[in-house]
Amino acid sequence: MSAAKSHVTLSRQWELLNLLPNRGLGKTAAELKSLLDDQGFKVSKRTVERDLNDLSMVFPIVSDESKTAHLWRWMDNKDIQLPGISVAEAMMLQLVEGTLKSILPQVMLQSLNSRFSQAKNKLQALEDSNSNSRLADKIAVVSPALPMLPPATSPVLYEAVQQALSDNKQLSATYTALYDQQQKQYLLNPLGLVQRGHITYLIATVGSYQDVRLFALHRFTLLALTEHPLQSPEGFTLEGYLQSGALQFANGQQIVLQARVNPYLSQLLQEAPLAKDMQLSPEVDGWHHLTATVHDGWQLKWWLLSHGNSIQVLAPTALRLAVINSLQDALAQYQQAETP
């Protein structure tokens with residue numbers, strides 16, 4: 001048997017072992033063949049029966065021969081954990097590899113690199129014998145945002161945060177904020193670690209203060225575990241914090257956005273609404289009146305500005321004025337640059 005054929009056989013048999021039930025009556029060879037077909041292994045029922053008989057000589061699998069059709073399953077009281085990855089898992093790993101590499105720092109990917117390689121090797125080895133393995137080259141994930149390389153972040157920072165989160169301990173930190181570029185020392189209560197796009201954020205409070213803040217992990221120059229116990233705000237949960245819109249750089253409040261949107265943007269919003277209560281009402285000039293309850297913050301403003309002359313904010317007044325001022329400032333900069 002050639003090396004390539006042997007690899008295909010082993011992959012098929014490994015998949016077959018994963019398909020066997022560990023409780024209940026079991027599955028027939030015909031049922032297992034159908035499941036293998038779904039996984040991209042196109043083989044005959046006779047081949048499946050031969051595989052099962054071969055595998056039963058090595059693994060604790062049995063066939064109930066008292067039934068009209070033999071039912072195959074794992075033996076009772078056997079806790080089987082098979083190493084490796086299935087074809088479906090290999091496809092998913094290859095599919096997300098490009099996306100993860102564009103948003104996660106290399107230090108966070110190191111533990112996954114071996115799995116990515118394993119997935120790629122498995123799909124390449126099965127390329128000529130498994131129809132599903134060919135899908136990996138025909139499916140891709142592309143970020144809708146402008147691609148940006150993640151900032152360099154020391155592995156030591158990740159290790160300190162993970163240890164503090166695990167042990168419920170405070171962190172001694174040296175941090176340089178983007179807005180003032182001043183290096184400052186903090187005693188932090190780490191509450192969570194969140195990946196947002198290409199930036200990793202530490203969610204924490206400072207000392208005995210209760211207000212929850214965001215710290216970009218790459219802006220730390222020092223993070224050291226202390227023996228001081230964590231002081232968490234009462235009732236804080238990471239899920240609740242995220243639902244408040246904090247990672248949209250919102251102020252925790254919601255507003256009812258009202259705006260006019262052009263036909264193109266209106267079509268986009270019908271396909272992917274801003275909110276569950278969003279409404280679009282057609283106007284006589286082809287534009288639509290938009291109403292939606294959204295989180296108020298930087299993320300909203302960035303989105304509005306990114307659509308330029310495709311949207312006109314009507315309310316709230318403060319948001320409308322903020323957008324007008326930003327557009328006027330941008331225009332003034334261009335006009336100034338063109339002045340001889």
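Keep in mind it's a predicted model, so treat the numbers as computed, not measured.
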Q: Taking the side chain as every heavy atom from C-beta outward, state whether Q312 and R320 have any pair of such atoms under 4.5 Å apart.
A: yes
Q.
Please list all pairs meeting side chain to side chain donor-acceptor pair (under 3.5 Å) that have one or both residues in residues 206-220, counting only residues at least two apart or in different chains.
A. none
Q) Which value, rounded to the nearest 0.5 Å, describes the distance between E15 atom CD and L17 atom CG? A) 10.0 Å
Q. So do the side chains of L274 and L290 get within less than 4.5 Å of each other, counting heavy atoms only?
A. yes
Q.
With a 3.5 Å distance limit and no angle check, can you tell me whether S326 reaches the backbone of A322 through a side-chain donor-acceptor pair?
A. yes
Q.
Could you tell me if the side chain of L157 sits less than 4.5 Å from the side chain of V161, heavy atoms only?
A. no
Q) Is there a chain of hydrophobic side chains (I, L, V, M, F, W, Y, each step under 4.5 Å between heavy atoms) that links L187 to L223? A) no
Q.
According to a hydrophobic-cluster definition based on side-chain heavy atoms being under 4.5 Å apart (Ile, Leu, Val, Met, Phe, Trp, Tyr only), do L305 and L269 belong together?
A. yes
(Q) Could you check whether any side-chain heavy atom of L71 comes within less than 4.5 Å of a side-chain heavy atom of S63, counting everything from C-beta outward? (A) no
Q.
Checking H307 now: which residues fulfil ring-ring contact (aromatic ring centres under 6.0 Å, His included) with it, not counting sequence neighbours?
A. W303
Q) What pair of heavy atoms forms the shortest contact from L188 to A204, and how long is it? A) CB-CB, 4.3 Å
Q. Are W72 and V62 side-chain neighbours, meaning at least one heavy-atom pair lies under 4.5 Å?
A. no
**Q.** Polar contact flag, side-chain donor to acceptor under 3.5 angstrom, T174-Y186
**A.** no
Q | CA sep, side-chain torsions, deciding dist, call: L20, L32, side-chain contact (heavy atoms from CB on, under 4.5 Å) | A | CA-CA 8 Å; L20 287 173; L32 292 168; 3.8 Å; yes
Q. If you measure from the Lys or Arg side-chain nitrogens to the Asp or Glu carboxylate oxygens, is any gap between D54 and R50 under 4.0 Å?
A. no
**Q.** Set of side-chain contact (heavy atoms from CB on, under 4.5 Å) partners for L304, sequence neighbours left out
**A.** L257, L300, I311, V313, L319, V323
Q.
Test of understanding: with side-chain hydrogen bond (donor to acceptor under 3.5 Å, both in side chains), list the residues that count as partners of N309, not counting sequence neighbours.
A. none
Q | A177: partners by side-chain contact (heavy atoms from CB on, under 4.5 Å), with sequence neighbours left out | A | Y175, Y179, D180
Q. Roughly how far, to the nearest 0.5 Å, is the NE2 atom of H288 from the CD atom of Q267?
A. 8.5 Å
Q) Taking the side chain from E31 and the backbone from T28, do they hold a donor-acceptor pair closer than 3.5 Å? A) yes
Q | Any residue meeting side-chain contact (heavy atoms from CB on, under 4.5 Å) with D329, in chain and number order, not counting sequence neighbours | A | none
Q. Quick one: are D37 and K33 in side-chain contact, heavy atoms under 4.5 Å?
A. yes
Q.
Using the rule that Ile, Leu, Val, Met, Phe, Trp and Tyr join whenever any side-chain heavy atoms are under 4.5 Å apart, tell me whether Y201 and L222 fall into a single cluster.
A. no
Would you list the atom pairs, donor with acceptor, under 3.5 Å between side chains in residues 224-239 and any protein atom, with sequence neighbours excluded?
residue	atom	partner	partner atom	Å
T226	OG1	Q170	O	2.9
T226	OG1	H228	N	3.2
T237	OG1	G240	N	3.0
E239	OE2	Q243	NE2	3.4

Q: Would you please name every residue forming a salt bridge (Lys or Arg N to Asp or Glu O under 4.0 Å) with K301, sequence neighbours left out?
A: none
Q) Under the side-chain hydrogen bond (donor to acceptor under 3.5 Å, both in side chains) test, which residues partner D277, sequence neighbours left out? A) T293
**Q.** side-chain hydrogen bond (donor to acceptor under 3.5 Å, both in side chains) involving S166 - partner list, sequence neighbours excluded
**A.** none
Q: Determine whether L193 and I203 make a side-chain contact, defined as any pair of heavy atoms from C-beta on separated by less than 4.5 Å.
A: no
Residues 278-287 side chain polar contacts: donor-acceptor under 3.5 Å, at least two apart:
residue	atom	partner	partner atom	Å
E283	OE1	R260	NE	2.7
E283	OE1	R260	NH2	3.1
D285	OD1	R260	NH2	3.3
D285	OD1	W287	N	3.1
D285	OD2	R260	NH2	2.4

Q: Identify, with sequence neighbours excluded, every residue that meets side-chain hydrogen bond (donor to acceptor under 3.5 Å, both in side chains) alongside Q270.
A: S266
Q: Check whether F220 and L178 end up in the same hydrophobic cluster, where Ile, Leu, Val, Met, Phe, Trp and Tyr are linked by side-chain heavy atoms less than 4.5 Å apart.
A: no
**Q.** From CG (L52) to NZ (K27), nearest 0.5 Å
**A.** 12.5 Å
Q.
Once rounded to the nearest 0.5 Å, what's the spacing between atom OG1 of T205 and atom CG of N189?
A. 3.5 Å
Q) Are I255 and L314 co-members of a hydrophobic cluster defined by side-chain heavy atoms under 4.5 Å apart? A) no
